[in-house]
There are 2 protein chains.
Amino acid sequence: MSKTAPRTRIQRQNRETILEAALGVFSAQGFRGATLDQIAAAAGLSKPNVLYYFASKEAIHHALLSGLLDNWLAPLRALDPAGEPLAEILAYVRRKVEISRDFPRESRLFANEILQGAPRMMAAIEGELKALVDEKAAVIRSWSAAGQIAAVDPYHLIFSIWALTQHYADFDVQVRAVLGPGHDPFAEAGSFIEGVFTKLLAPDP
Amino acid sequence: MSKTAPRTRIQRQNRETILEAALGVFSAQGFRGATLDQIAAAAGLSKPNVLYYFASKEAIHHALLSGLLDNWLAPLRALDPAGEPLAEILAYVRRKVEISRDFPRESRLFANEILQGAPRMMAAIEGELKALVDEKAAVIRSWSAAGQIAAVDPYHLIFSIWALTQHYADFDVQVRAVLGPGHDPFAEAGSFIEGVFTKLLAPDP
DNA sequence: TTGATGTTTGACCATCTGGTCAGTCTCAGG
DNA sequence: CCTGAGACTGACCAGATGGTCAAACATCAA
């Protein structure tokens, strides 16, 4: 479907430019809210030229989502069953906070997709994502069973990490509006969220 | 702008039908993704008839958002400074879980709006919502200072309650896809989230 | 230089979509 | 049974939008 190997340097560069521009537009407007004209303008190209590099608006969106999932799953994949349980989970939390801070547009693109019922990602969610979560949930459950961390439902633990970290990217404008000026939301969020999971996971007595 | 008092019974009824239908469409498709034809079809009315009751698509959306904020703030407003601190906060959490369970479309409508930068709600967020959060944050801070609950940042405490509870409404399809069949997401979420805040807020020794 | 391949665009099209309007139908109150 | 305000609709419109295409332009190896 998508050209796997861009032939020329110009092709690689322009495809990259378009995806970068489209990421901004899609994440801010949603799929239907975004227009090819907006994307073309943001990329500094004409609309027909954008369509020279991608077959359709749909194709641009698809290319973005495809690239997204791997980066999205990488931090969880890095959770090491052989590591120290609490440290491993806190490291995962920290990575997710950093991702929310550094890639808020990607987070919002993902949020938009799920909000609308994940029409273009269901397969990946039920497949790859679920498989990885199942795997890591088993690891966490074994840690709980061994008394190395408190007994908590591993699935909802993972959901809560997603919820807390992504909230700061997805609801950024609300967070900033409520906090007012003079705050560093992500820095504060980082230490707050780490505190939450430190207390939550402290081994039961 | 909006007719404050519908004159006839038919008017009241049809306006209600349209808002109900529009809530479903807007929350599932976003503002730009929704079309008047979809709303009219869902309401069982013709498009011109829908526009007989509301001046524009914008007006329908506006009517929904207006009604939303009050219901959204009510649970936090009910947090009683004179009550028992931990119980008050846990009661707030419980109410928010129930709202996510019972009004997921409203939650997604709100999420859509914030995700896009809250173009139609900024004023309310910076005004009403911020004021209420400021007020309740002060209450929570005083509880912390008095040692009745652990010392936590009250703003981020409130954000975390929002994040955790709304996640189950907004990301419903993801949660269900990952959990697989045979689960009651909201029931599980309720006890998990209560556990989180019980541990988090247990008074420091 | 030249031809071939890759890149870019102005002009154009079909469809969708929010919205209008003239006129018809409905029905409650007199 | 009238009548007029209220409720409703088919037909239509203008602008936006995704997408096409023939032709022009750039680049580079031979």
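Order of the sequence lines sets the chain letters (A, B, ...), proteins ahead of strands, with each chain counted from 1.
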Could you list all N or O pairs between the protein and nucleotides 6-12 of chain D that sit under 3.5 Å apart?
unit_1	atom_1	unit_2	atom_2	d
dA7(D)	OP1	T8(B)	OG1	2.6
dA7(D)	OP2	Q11(B)	NE2	2.8
dA7(D)	OP2	Y52(B)	OH	3.1
dC8(D)	OP2	N14(B)	ND2	2.9
dC8(D)	OP2	N49(B)	ND2	3.4
dC8(D)	OP2	Y53(B)	OH	2.5
dC8(D)	O5'	N49(B)	ND2	3.2
dT9(D)	OP2	S46(B)	OG	2.9

Show me, pair by pair, the donor-acceptor contacts under 3.5 angstrom made by side chains of residues 130-139 of chain A, not counting sequence neighbours?
unit_1	atom_1	unit_2	atom_2	d
K130(A)	NZ	D134(A)	OD1	3.4
K130(A)	NZ	D134(A)	OD2	3.0
K130(A)	NZ	V178(B)	O	3.1
D134(A)	OD1	Y155(A)	OH	2.5
K136(A)	NZ	R77(A)	O	3.3
K136(A)	NZ	L79(A)	O	2.8

Next on the checklist: Going by salt bridge (Lys or Arg N to Asp or Glu O under 4.0 Å), name the residues that satisfy it together with D153(B), two or more places apart in sequence or in a different chain.
Outcome noted: none
Item to check | Selection residues 38-51 of chain A - residue pairs positive for side chain to side chain donor-acceptor pair (under 3.5 Å), sequence neighbours left out | outcome: none
Next on the checklist: Between C1' on dG18(C) and CD on E58(B), what's the gap in Å once rounded to a whole number?
Outcome noted: 12 Å
Write out a two-atom table: protein N or O, nucleotide N or O from nucleotides 22-24 of chain D, distance below 3.5 Å.
none

Checklist outcome for this item: Here the distance between atom C1' of dC16(C) and atom CD1 of I39(B), to the nearest Å, is 15 Å
Checklist entry - Which of parallel (below 30°), tilted (30 to 60°) and perpendicular (above 60°) describes H167(A) and F159(B)? => result tilted
Item to check | Distance in angstrom units between I60(B) CD1 and dG18(C) C1', rounded | outcome: 11 Å
Item to check | Distance in angstrom units between R32(A) CZ and dA16(D) P, rounded | outcome: 16 Å
Checklist outcome for this item: R141(A) meets the salt bridge (Lys or Arg N to Asp or Glu O under 4.0 Å) criterion, sequence neighbours left out, with none
Next on the checklist: What contact category does A34(B) fall into here, base, sugar-phosphate, or nothing, at under 4.0 angstrom with non-hydrogen atoms?
Outcome noted: sugar-phosphate
Checklist entry - So, do H62(A) and F31(A) have ring centers that fall under 6.0 Å from each other? => result no
Next on the checklist: Donor-acceptor pair, distance only, cut-off 3.5 Å: does the side chain of S107(B) make one with the backbone of D170(B)?
Outcome noted: no
Checklist entry - Heavy atoms under 4.0 Å, any strand shown: does L36(B) hit a base, just sugar-phosphate, or nothing? => result sugar-phosphate
Next on the checklist: Donor-acceptor check, side chain of R95(A) to backbone of P75(A), threshold 3.5 angstrom: yes or no?
Outcome noted: yes
Item to check | Gap between atoms NZ and P, on K57(A) and dG18(D) respectively (whole Å) | outcome: 4 Å
